[in-house]
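Reviewing the structure listed below.
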Amino acid sequence: QVQLVESGGGLVQAGGSLRLSCSASGRTFSGVAMGWFQQAPGKDREFVAAISWSGASTTYANSVKGRFTISRDNAKNTVYLQMNSLKREDTAVYYCAARRLGFVSSNPHDFGSWGQGTQVTVSS
């Protein structure tokens, strides 16, 4: 199991930026793919972005392409989500997740470890 702790959420105006961080501990971080998911009130948890174990492969939800960037630093056991041009509809709790395998996936069922989430609120 990988233990995950998210940080960096907060309140931001539309058009602004935030960078989320997810620190990992436990089993080997560098060998697993990582992902970010969001859950808005009354909605299911939705895929945002994922990155492979090496960082060479990434995938994004259509709604965030061109605005969000996922990256990782295996030396620091940390994955990041840079969020630019934020919109009100990006308001949600954002969860970091670790997959048991090293390849990207957008399916939340492929991820076995989850953080507690960090709230992102975008105001108009």
Side-chain angles (χ1 to χ4, degrees):
Q1 283 282 50
V2 178
Q3 288 76 47
L4 305 170
V5 178
E6 301 97 335
S7 62
L11 174 64
V12 63
Q13 286 191 329
S17 299
L18 280 176
R19 188 175 83 154
L20 305 183
S21 299
C22 174
S23 296
S25 60
R27 63 170 285 186
T28 303
F29 172 79
S30 59
V32 301
M34 299 294 296
W36 286 96
F37 294 79
Q38 63 178 195
Q39 188 166 19
K43 291 189 174 183
D44 292 334
R45 195 167 296 187
E46 297 180 345
F47 170 73
V48 175
I51 187 167
S52 63
W53 69 274
S54 66
S57 178
T58 58
T59 187
Y60 296 90
N62 287 336
S63 60
V64 306
K65 279 182 182 176
R67 300 189 299 121
F68 291 10
T69 302
I70 188 171
S71 61
R72 66 189 296 162
D73 186 338
N74 287 343
K76 295 182 178 180
N77 284 0
T78 303
V79 63
Y80 305 96
L81 185 68
Q82 178 67 44
M83 304 187 294
N84 299 329
S85 302
L86 283 160
K87 305 175 181 180
R88 286 195 64 184
E89 50 264 42
D90 295 320
T91 295
V93 177
Y94 283 74
Y95 296 90
C96 172
R99 193 183 180 196
R100 294 182 183 90
L101 300 177
F103 308 106
V104 296
S105 171
S106 61
N107 188 339
H109 297 292
D110 288 338
F111 292 80
S113 299
W114 294 82
Q116 82 289 350
T118 185
Q119 176 70 47
V120 172
T121 303
V122 184
S123 64
S124 59

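Note that these values count all heavy atoms, side chains included, but never hydrogens, waters or copies made by symmetry.
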Problem - side chain to side chain contact (heavy atoms under 4.5 Å, CB included), paired with Cys96, selected from Leu81, Leu4, Thr118 - result: Leu4
Exercise for the section: May I ask you to decide if the ring planes of Phe37 and Trp114 are parallel, tilted or perpendicular, using 30° and 60° as cut-offs? Expected result: tilted
Grab the two heavy atoms, one from [X] and one from [Y], that are nearest each other, plus how far apart they are.
X	Y	result
Ser17	Ser85	OG-N, 4.4 Å
Ala98	Val2	CB-CB, 4.2 Å
Phe111	Ala33	CE2-O, 4.3 Å
Ala40	Ala92	N-CB, 3.8 Å
Ile70	Thr58	CG2-CG2, 3.8 Å

Practice task
With sequence neighbours left out, write down each residue that passes side-chain contact (heavy atoms from CB on, under 4.5 Å) with Ser71, or none if nothing qualifies.
Solution key: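 Partners of Ser71 by the side-chain contact (heavy atoms from CB on, under 4.5 Å) criterion, ordered by chain and then number, come out as Tyr80.
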Approximate separation, where rounding is to 0.5 Å, of [X] [atom1] and [Y] [atom2]:
X	Y	atom1	atom2	result
Tyr94	Ser7	OH	OG	15.0 Å
Arg99	Ile51	CZ	CD1	14.0 Å
Thr69	Asn84	OG1	CG	6.5 Å

If we only count heavy atoms from C-beta on, is the [X] to [Y] side-chain gap below 4.5 Å?
X	Y	result
Leu101	Val32	no
Tyr95	Gln38	no
Val120	Leu20	yes
Trp53	Met34	no
Val12	Ser123	no
Trp36	Val79	yes

Problem - Over 12 foreign heavy atoms within 6.0 Å of CG, Asp44 - result: no
Practice task
Give a yes-or-no answer on whether the side chains of Ser105 and Asp110 include a donor-acceptor pair shorter than 3.5 Å.
Solution key: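 Short answer, yes.
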Exercise for the section: Begin with the C-alpha distance, continue with both residues' side-chain angles, and end with the deciding distance and a verdict on side chain to side chain contact (heavy atoms under 4.5 Å, CB included) for Val48 and Tyr60. Expected result: CA-CA 6 Å; Val48 175; Tyr60 296 90; 5.9 Å; no
Exercise for the section: Please collect all salt bridge (Lys or Arg N to Asp or Glu O under 4.0 Å) contacts where either partner lies in residues 73-90, sequence neighbours excluded, each pair once. Expected result: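 Sorted pair list: Arg67-Asp90.
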Has the side chain of [X] got a donor or acceptor atom that lies under 3.5 Å from a matching backbone atom of [Y]?
X	Y	value
Thr59	Ala50	no
Glu6	Gln116	yes
Arg72	Ser52	yes

Fill in the blank from the handout: With sequence neighbours left out, the residues meeting side-chain hydrogen bond (donor to acceptor under 3.5 Å, both in side chains) with Thr121 are Gln119
